[in-house]
Number of protein chains: 2
Amino acid sequence: MRADARKNYDQLLAVASAVVTEEGADASLRDIARRAGVGLATLYRHFPTREALLEALLRTSFDELTTRADELETSSSPEDALVSWLRDCVACAHEYRGVVALMMAAIEDTESALHNSCVTMRAAGTRLLARAHAAGMARTDIDGTDLFALVGALAWLNDQPSLTPRADHLFGVIAGTILTNRASSDVREEGRLRAHR
Amino acid sequence: MRADARKNYDQLLAVASAVVTEEGADASLRDIARRAGVGLATLYRHFPTREALLEALLRTSFDELTTRADELETSSSPEDALVSWLRDCVACAHEYRGVVALMMAAIEDTESALHNSCVTMRAAGTRLLARAHAAGMARTDIDGTDLFALVGALAWLNDQPSLTPRADHLFGVIAGTILTNRASSDVREEGRLRAHR
DNA sequence: GATTATGTGGAGCACTGCTCCGATTGTCAA
DNA sequence: TTGACAATCGGAGCAGTGCTCCACATAATC
């Protein structure tokens, strides 16, 4: 890649991160190009689709989530690992408002630039869930896809400004539902402690 | 209202219902006007905002839901009433894809045309929830706003094509979470029976 | 039939996603 | 250092969007 192309690529990513953070996943691409001091065609050359741009933005976060799932699998109890990872997932999806709907579409669309990342993430979650199943700590009528869906629903709740005050509470309710042998109030408590740490 | 105006109004509503059903809540208003054989300004005169148009579309559904809540309050057990009404709510919100996000925004925006309908619906749900609380059949850490949020999340799940296969199952899971003394498998079962009735 | 308030339709503005192509610029051989 | 050339760029242009404004048509009234 030519030196100027590399520079523009990096600049675009940095600006896109800022713009998508404040405007959401449906931010104006023209605006991103403008604020990056770059032509619109340049943006489209580096990122042929909106998904491609978001994939580049989310790649590091996705990789971190996968790594974290691996760590948790050995360092924590099955239920703590699952809940803790869920919380991280929701927080990650919430970073860029509206991105979760694209992820839900991408998991079935093998052409989407986000497809692989989503499949990888679902697999990581499924592993943590299987471990909790094996320990008898999670209800068995929920599979990896359900987990992915619930993360999506929670992230969606977080994206609604009017529901922000209750989002944490609802996370506890739903996380508690997934775990069999644990009251959801315990999950909420753990969340509070984590937040104030 | 002048006779021709009334005709255009009705025509717009009929066409809007069809278009929004197939395109979702962010359908093109220009397209609706075109297909109704009407100028764009005519649409905007009758429905100054997109919310106003959707409100008109949803008004009958909303009224039916409120009536249904009243009926259920006397005709069914507290838990059956709540679950049955939740199911109707989710089905209603799913009628027009994407409308649920607008509803979540409208409940805090007193200026929105959808505001009153949303507040009324939340109140109806809160009554059913309070009844279940009184009977000791619903967890007490969930209030009317949470109920509204969970309906929203479920409707959102329904709106994601990739999650449709599991949507019913997840409804059972979450409805079961709200009810204290009932396994979610029972809720699911009741759903199956209703669907096949 | 004439008057008037009400209702209409489309032009116009600023924006969007996306493509195409002439101009520019980094790079590497001579 | 100087070309030459391929890689890269930037913006014009197209078709779409939401929304406003206003000259014109027409239903209702006298």
Side-chain angles (χ1 to χ4, degrees), chain A residues 1-57 96-99 101-102 105-106 109 111-114, chain B residues 1-57 96-99 101-102 105-106 109 111-114:
Chain A
M1 191 189 287
R2 238 165 67 170
D4 54 344
R6 165 101 259 154
K7 202 191 69 187
N8 282 339
Y9 181 92
D10 294 340
Q11 177 72 3
L12 275 170
L13 261 193
V15 169
S17 173
V19 174
V20 174
T21 298
E22 53 181 77
E23 309 273 355
D26 55 351
S28 160
L29 298 182
R30 218 184 212 88
D31 193 36
I32 292 175
R34 194 159 31 218
R35 284 170 64 167
V38 143
L40 187 55
T42 301
L43 185 153
Y44 274 100
R45 174 146 349 90
H46 289 304
F47 309 103
T49 65
R50 174 171 240 109
E51 280 79 17
L53 176 56
L54 289 170
E55 200 273 340
L57 282 182
Y96 301 121
R97 178 167 38 87
V99 87
L102 288 172
D109 176 12
E111 301 300 311
S112 168
L114 282 166
Chain B
M1 191 187 290
R2 239 165 68 170
D4 54 344
R6 163 101 260 154
K7 203 191 68 188
N8 282 339
Y9 181 93
D10 293 340
Q11 177 72 5
L12 275 169
L13 261 194
V15 170
S17 174
V19 174
V20 174
T21 297
E22 50 180 78
E23 310 273 355
D26 55 351
S28 160
L29 298 183
R30 218 184 213 86
D31 193 36
I32 292 175
R34 194 159 31 218
R35 284 169 63 168
V38 141
L40 187 55
T42 301
L43 186 151
Y44 274 101
R45 174 145 349 108
H46 288 303
F47 309 103
T49 65
R50 173 170 241 111
E51 280 80 17
L53 177 57
L54 289 169
E55 200 273 341
L57 282 181
Y96 301 122
R97 178 167 38 87
V99 87
L102 288 173
D109 176 11
E111 300 301 311
S112 169
L114 281 165

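Quick note on labels: first sequence line is chain A, next is B, and so on, each numbered from 1.
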Chemist: Which atom names give the shortest non-hydrogen contact between G39(A) and A33(A), and what distance separates them?
Modeler: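 Nearest heavy atoms, G39(A) then A33(A): O-CB, 3.9 Å.
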Chemist: Is there a donor-acceptor contact under 3.5 Å linking the side chains of S17(B) and Y96(B)?
Modeler: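 Yes, a side-chain donor-acceptor pair sits under 3.5 Å.
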Chemist: Please list residues of residues 41-53 of chain B whose heavy atoms come under 4.0 Å from any atom in DNA chain D, ordered by number; otherwise none.
Modeler: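 Residues of residues 41-53 of chain B under 4.0 Å from DNA chain D: A41(B), Y44(B), R50(B).
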Chemist: As an exercise, state the distance from CG of L12(B) to CG of L43(B), rounded to the nearest 0.5 Å.
Modeler: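 Taking CG in L12(B) and CG in L43(B), the distance rounds to 5.0 Å.
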Chemist: For every nucleotide of nucleotides 23-30 of chain D, 5' to 3': is a protein heavy atom under 4.0 Å from its base (B), only from its sugar-phosphate (S), or from neither (-)?
Modeler: ---BSS--
Chemist: Between F47(A) and L54(A), is a side-chain contact (heavy atoms from CB on, under 4.5 Å) present by the stated rule, with each step listed?
Modeler: CA-CA 9 Å; F47(A) 309 103; L54(A) 289 170; over 6 Å; no
Chemist: Taking all non-hydrogen atoms of both residues, which atom of L114(A) and which atom of A106(A) are closest, and how far apart?
Modeler: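 Scanning both residues completely, I find the closest heavy atoms to be CB-CB, 3.6 Å.
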Chemist: Without decimals, in angstroms, what is the distance between Y9(B) OH and dT8(C) C1'?
Modeler: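 In whole Å, dT8(C) C1' and Y9(B) OH are 18 Å from each other.
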Chemist: Between R30(B) and G37(A), just flag the one whose closest nucleotide in DNA chain D comes earlier from the 5' side.
Modeler: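 Result of the comparison: G37(A).
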Chemist: Does anything in residues 11-21 of chain A reach DNA chain D, meaning a heavy atom under 4.0 Å, and if so which residues?
Modeler: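 The stretch gives none, as no residue of it lies under 4.0 Å from the strand.
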Chemist: Return the CZ to CG distance between R45(A) and L40(A), rounded to the nearest 0.5 Å.
Modeler: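 Between R45(A) CZ and L40(A) CG, I get 10.5 Å after rounding to 0.5 Å.
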Chemist: Rounded to whole Å, how long is the line connecting atom CG of D31(A) with atom C1' of dG17(C)?
Modeler: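 Between C1' of dG17(C) and CG of D31(A): 14 Å.
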Chemist: Over how many whole Å does the gap from D26(A) atom CG to dG17(C) atom P extend?
Modeler: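 Rounded to the whole Å, the gap is 9 Å.
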Chemist: Would you mind reading off the distance between R6(A) atom CZ and dC9(D) atom P, rounded to a whole angstrom?
Modeler: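 To the nearest whole Å, that distance equals 12 Å.
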Chemist: How long is the line joining CD of E23(A) and C1' of dC15(C), in whole Å?
Modeler: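 Nearest whole value for this atom pair: 13 Å.
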Chemist: What pairs with T49(B) under side-chain hydrogen bond (donor to acceptor under 3.5 Å, both in side chains), at least two apart in sequence or on another chain?
Modeler: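 Here no residue qualifies.
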Chemist: Provide, to the nearest angstrom, the distance between the CG atom belonging to L40(B) and the C1' atom belonging to dG16(D).
Modeler: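 Going from CG in L40(B) over to C1' in dG16(D) covers 13 Å.
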Chemist: Please report, rounded to the nearest Å, how far the P atom of dT16(C) is from the CD1 atom of I32(A).
Modeler: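 Distance, rounded to whole Å: 11 Å.
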Chemist: What's the shortest heavy-atom distance between R97(A) and E22(A), and which atoms?
Modeler: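 So the two residues come closest at NH2-O, 3.2 Å.
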Chemist: Among D26(B), D31(B), I32(B), find the one that has a side-chain contact (heavy atoms from CB on, under 4.5 Å) with L29(B).
Modeler: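 Single side-chain contact (heavy atoms from CB on, under 4.5 Å) partner of L29(B) among D26(B), D31(B), I32(B): I32(B).
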Chemist: Does dG16(D) have its OP1 or OP2 closer than 4.0 Å to a side-chain nitrogen or oxygen of S28(B)?
Modeler: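 Negative; the distance criterion is not met.
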Chemist: Work out which heavy atom in M1(B) is nearest to a heavy atom in A5(B); give both atom names and the distance.
Modeler: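 Shortest heavy-atom contact: CG-CB, 3.6 Å.
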Chemist: Bend angle of the helix from dG1(C)-dC30(D) to dA30(C)-dT1(D) from five-pair axes at both ends, rounded to 10°?
Modeler: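 Answer for the end axes of this duplex: 10°.
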Chemist: Compare every heavy atom of A27(A) with every heavy atom of V19(A), then report the nearest pair and how far apart it is.
Modeler: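 Answer, listing the atom of V19(A) first, then A27(A): CG1-CB, 3.7 Å.
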Chemist: Can you tell me how far apart OH (Y44(A)) and CZ (R30(A)) are? Round to the nearest 0.5 Å.
Modeler: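 It is 8.0 Å, given to the nearest 0.5 Å.
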Chemist: Can you tell me how far P of dC9(D) sits from CG of N8(A), to the nearest Å?
Modeler: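 Answer to the nearest Å: 5 Å.
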Chemist: Shortest non-hydrogen contact from G98(B) to A25(B)?
Modeler: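 What the structure gives for the nearest pair is C-CB, 3.8 Å.
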Chemist: Got a sec, which residues hit side-chain hydrogen bond (donor to acceptor under 3.5 Å, both in side chains) with R2(B), two or more places apart in sequence or on another chain?
Modeler: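 Result, side-chain hydrogen bond (donor to acceptor under 3.5 Å, both in side chains) vs R2(B): D4(B).
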